[in-house]
Amino acid sequence: MGSTMSFVWCMIALALAVMATTATASTIHKVGDDQGWRFPKDDPSFYTRWAANKTFIVGDKLEFIWTGTHNVVEVRKDEYGNCTEGETPLHELSPVTISLGTAGSKYFICAVVPHCSFGQKLSVIVESDISTMPPASAPSSAPTSLLANALYAAMLTITSMFFTCL
Ligand code: CU
């Protein structure tokens with residue numbers, strides 16, 4: 001009985017360690033969660049609220065999934081404000097995965113009139129990933145090898161924890 005319990009706690013600790021390690025990997029954000037990318041005419045601030053409690057890091061991805069007649073296009077801030085389409089390519093087939101490659105504000109709208117004016121629009125603020133930021137004065141290889149060493153150490157810890165559990 002006692003050993004069964006300690007095995008369970010051991011596996012829980014192991015699971016937490018794995019989660020902590022993978023938390024540094026890039027995230028795919030499903031826009032709107034289970035609502036997907038839709039025309040929120042009954043709730044125009046839906047996508048603003050959706051983005052407000054999330055952190056977007058360079059390397060993360062946005063996944064737009066919809067049914068029915070919609071599309072997604074990345075636009076400039078003024079185009080986001082005016083719901084005008086701009087010049088970037090329109091994605092018309094769901095699902096659409098967009099990589100957040102650079103830091104800063106990104107703006108997306110559905111260009112099917114009048115969806116954007118009723119709230120089918122999304123702005124996100126993409127933050128720099130500290131582990132990939134260029135170093136101020138250290139040699140350029142240092143941050144990468146530091147990160148690699150940290151990941152290696154974490155994997156060693158997880159592996160040794162796993163054998164302790166047995
Ligand atoms: Cu739409």
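Order of appearance sets the numbers: ligands from 1, and atoms from 1 within every ligand.
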Practice task
Ignoring hydrogens and angles, state whether a donor on the side chain of N71 or H91 is under 3.5 Å from an acceptor on the partner side chain.
Solution key: no
Problem - Passing candidate, side chain to side chain contact (heavy atoms under 4.5 Å, CB included) with F108, options I98, T88, V75, V73 - result: I98
Practice task
Return each pair, listed once, that meets disulfide (SG to SG under 2.5 Å) where at least one residue sits in residues 36-93; pairs must be two or more places apart or across chains.
Solution key: C83-C116
Expected list for residues 49-57: side-chain donor-acceptor pairs under 3.5 angstrom, two or more places apart:
| from | atom 1 | to | atom 2 | distance (Å) |
| --- | --- | --- | --- | --- |
| R49 | NH1 | D43 | OD1 | 3.0 |
| R49 | NH1 | S45 | OG | 2.9 |
| R49 | NH2 | D43 | OD2 | 3.0 |
| W50 | NE1 | D33 | OD1 | 3.4 |
| W50 | NE1 | D33 | OD2 | 3.2 |
| K54 | NZ | W50 | O | 3.2 |

Completion exercise
Quick note, side chain to side chain donor-acceptor pair (under 3.5 Å) partners involving residues 102-119, not counting sequence neighbours, are H70-H115, T102-K106, H115-Q120
Exercise for the section: Report, as a single number, the protein N, O or S atoms less than 2.8 Å from the Cu ion (ligand 1). Expected result: 4
Exercise for the section: Establish, yes or no, whether a centroid distance under 6.0 Å links the rings of W37 and Y47. Expected result: yes
